[in-house]
Enquirer: 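Let me give you the structure first, and then I'll get to my questions.
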Amino acid sequence: MAPVVSPRRRRTLPLALALLALGGSLASCSRQRGDQLRLGAGIALTGNAGLLGQDARTGLDLARQQFAKQAPGLELQLEDTGSDEAGATVAFRRLINAKPVAILGPSLSQQGFAVMPMADRAGIPVIGVSTTAEGIPQIGPFVARVASPVTVVAPRSLAKAVQLNPGIRRVAVFFAQDDVFCTSETRIFQRAIRSKGLELVAVQRTSVHDTDFQIPITNVLRSRPQLVVISALVSDGGNLVRQLRELGYTGPIVAGNGLNTPNIYPVCQRHCDGLMITQAYNPSLANASNRNLLALFRRGRAADAVPPQVTAQAYSAYQVVHEALANLKGSLPKGTTLSSLPLQELRQRLLKTLLAGTYQTPLGELRFSPEGEVLQRDFSVARVSMAADGRSGRFVLLP
Ligand code: 1QQ
């Protein structure tokens, strides 16, 4: 018996069939173009480093908007790593199982040494967005980063502080001993202090979990430092800065990359004023990529709002992967799609193409060493300038 078709269904059936056919041909068309690839990202959205990871999330989101209409299409899978190794391990396991073409992240070097080897062993290119400790690219052949290392970054803020305060002789250092980025950064700071002939009058260990610094600060202030240099993360570092000022320290403070976010404002408030921090991002850079980032960032914000460094780094990481995939696609024989390559081969060729490329990003021109270390040219040093109410501030780039 013929199926009973209601008059309404009879009218809509041909249309439905036509749409189905069109959908099918569109699907096979997009498969043919090979344009839908998965990009993983493991970022600290919660915990102590969440305040830095939020900046990265903004950058990834803006890059996704910017490149949404350009081939190849990337589907971004973002996982929260939390701020420790255990959270990062869960997030990276999930990402690896999702079979991405590459993974961006994690936020902290401390997490990177735990999870980058996982991606490396799986043969997945993993691009550090904000991991600046020494040794990250050396983790394995599939590991690279867009964040310039402490060896390049840290000495600049110290040199600027000394240039602006030529009378300085006595320097005290604080560092969080339970974070590998902090121990790496303080090593570079301390080397730079000694090489300038300055006296290291105190080296004080703290923890990223500390909130009360009264005792270590009291000990350090006894050594009468004329400059304080801090390697810590956002919450502990911000509290340390605030308590240093509350306990009477009035000299200059150099802070490391762990405090490099406007999200420190609610933590150290008016006491953030004057902090000196090296910047791998200059918002006034006049290239097309930075103009795009600024325009996207300013939508729904003040017309002169500027993205934090980590936002620009995350945006750049996404851009580099996107452009490397586009370059790779261009090198394939006509008619060959990226997704027609076996996934492992695609990842290997992506890595090779990525490391060989030159990219005009919001961080300026980026290239990579064969080992995956980023080669960046442009840096500056910012001085944090807080409004009188202690709520808002700016990172003012020093000449
Ligand atoms: C690192 C860092 C972080 C503090 C930046 C988010 O530089 O862990 O290497």
Side-chain angles (χ1 to χ4, degrees), residues 41-60 80-85 87-88 91 104-116 126-139 143-157 174-189 206-209 229-238 240-241 254-264 267 275 277-281 307-317 363 372-374 376 379 382 395:
I43 299 294
L45 300 175
T46 51
N48 192 356
L51 292 170
L52 287 152
Q54 298 293 344
D55 290 347
R57 192 224 291 255
T58 304
L60 294 178
D80 178 11
T81 60
S83 292
D84 59 10
E85 296 93 309
L104 307 181
S107 295
L108 297 178
S109 297
Q110 180 73 24
Q111 298 174 307
F113 285 108
V115 298
M116 284 169 147
V126 55
I127 322 297
V129 165
S130 55
T131 37
T132 62
E134 299 155 280
I136 290 283
Q138 291 75 25
I139 288 173
V143 181
R145 61 174 158 193
V146 298
S148 285
V150 287
T151 43
V152 172
V153 168
R156 294 171 194 261
S157 48
F174 288 84
F175 73 96
Q177 61 183 337
D178 48 358
D179 178 88
V180 70
F181 147 75
C182 295
T183 55
S184 179
E185 189 188 61
T186 197
R187 203 167 26 244
I188 304 304
F189 272 138
T206 60
S207 160
V208 292
H209 302 294
V229 178
I230 298 175
S231 293
L233 299 184
V234 193
S235 302
D236 54 314
L240 173 54
V241 168
V254 164
N257 200 44
L259 285 88
N260 199 353
T261 168
N263 292 331
I264 55 168
V267 190
L275 279 183
I277 312 180
T278 305
Q279 301 301 307
Y281 172 57
Q309 172 192 283
V310 176
T311 297
Q313 287 174 323
Y315 184 99
S316 300
L363 305 175
E373 183 62 280
V374 67
Q376 181 181 359
F379 300 92
F395 278 57

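Note that ligands are numbered from 1 as they come in the structure, with each ligand's atoms numbered from 1 the same way. Every value quoted in this text rests on a predicted model; they were computed, and no experiment measured them.
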Enquirer: If you measure every N or O of Q110 against every N or O of ligand 1, does any of those distances drop under 3.5 Å?
Expert: no
Enquirer: Tell me whether S83 contacts the main-chain N or O of A49 through its side chain, where contact means a donor paired with an acceptor under 3.5 Å.
Expert: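 Between the backbone of A49 and the side chain of S83 there is a qualifying donor-acceptor contact (under 3.5 Å).
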Enquirer: Side chain or backbone of V180 under 4.0 Å from ligand 1, or both, or neither, by non-hydrogen atoms?
Expert: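 Neither part.
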Enquirer: With a cut-off of 4.0 Å, which atoms of ligand 1 are near a heavy atom of S107?
Expert: 6 (C)
Enquirer: Got an N/O contact under 3.5 Å between T131 and ligand 1?
Expert: no
Enquirer: Quick one: are L363 and V374 in side-chain contact, heavy atoms under 4.5 Å?
Expert: no
Enquirer: Near L233, which atoms of ligand 1 are under 4.0 Å from a heavy atom of that residue?
Expert: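 In order of numbering, the contacting atoms are 4 (C).
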Enquirer: If you take all heavy atoms of E185 and I230, which pair is closest and at what distance?
Expert: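 Residues E185 and I230, closest heavy atoms: OE1-O, 4.0 Å.
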Enquirer: Could you check whether any side-chain heavy atom of I136 comes within less than 4.5 Å of a side-chain heavy atom of P149, counting everything from C-beta outward?
Expert: no
Enquirer: Answer whether the closest heavy-atom distance between the side chains of L108 and N48 falls below 4.5 Å.
Expert: no
Enquirer: Of the backbone atoms (N, CA, C, O) and the side-chain heavy atoms from C-beta on, which set of T132 has a member under 4.0 Å from an atom of ligand 1: side chain, backbone, both, or neither?
Expert: both
Enquirer: For S184 and V150: C-alpha separation, side-chain torsions, deciding distance, then whether side-chain contact (heavy atoms from CB on, under 4.5 Å) applies.
Expert: CA-CA 7 Å; S184 179; V150 287; 3.4 Å; yes
Enquirer: Does an N or O from D179, backbone or side chain, lie closer than 3.5 Å to an N or O of ligand 1?
Expert: no
Enquirer: Using a 4.0 Å cutoff against the non-hydrogen atoms of F181, which atoms of ligand 1 qualify?
Expert: 1 (C), 2 (C), 4 (C), 7 (O), 8 (O), 9 (O)
Enquirer: Does a side-chain heavy-atom distance below 4.5 Å link P308 with Y281?
Expert: no
Enquirer: By the definition side-chain contact (heavy atoms from CB on, under 4.5 Å), identify the one residue from T261, N260, L259 that meets it with V234.
Expert: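 The single option meeting the side-chain contact (heavy atoms from CB on, under 4.5 Å) with V234 is T261.
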Enquirer: Answer with side chain, backbone, both or neither: which part of A147 has a heavy atom less than 4.0 angstrom from an atom of ligand 1?
Expert: neither
Enquirer: Under 4.0 Å from any heavy atom of G258, which atoms of ligand 1 are there?
Expert: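 Reading through ligand 1 atom by atom, the close ones are 4 (C).
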Enquirer: Mark the output for A133 as yes if a heavy-atom distance to ligand 1 is under 4.0 Å, and as no if none is.
Expert: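 Heavy atoms of A133 do come under 4.0 Å of ligand 1.
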Enquirer: Report yes or no: does Q54 contribute a side-chain atom to a donor-acceptor pair with the main-chain N or O of L45 at less than 3.5 Å?
Expert: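 Judged by distance alone, yes, a pair lies under 3.5 Å.
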Enquirer: Tell me: protein heavy atom nearest atom 5 (C) of ligand 1, and distance?
Expert: S130 O, 3.4 Å
Enquirer: Identify, by atom number and element, the atoms of ligand 1 in contact range of L108, meaning under 4.0 Å from any of its heavy atoms.
Expert: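 With L108 as reference, the close atoms of ligand 1 come out as 3 (C), 8 (O).
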Enquirer: Give me the nearest non-hydrogen protein atom to atom 8 (O) of ligand 1 as residue plus atom name, then the distance to 0.1 Å.
Expert: S109 N, 2.8 Å
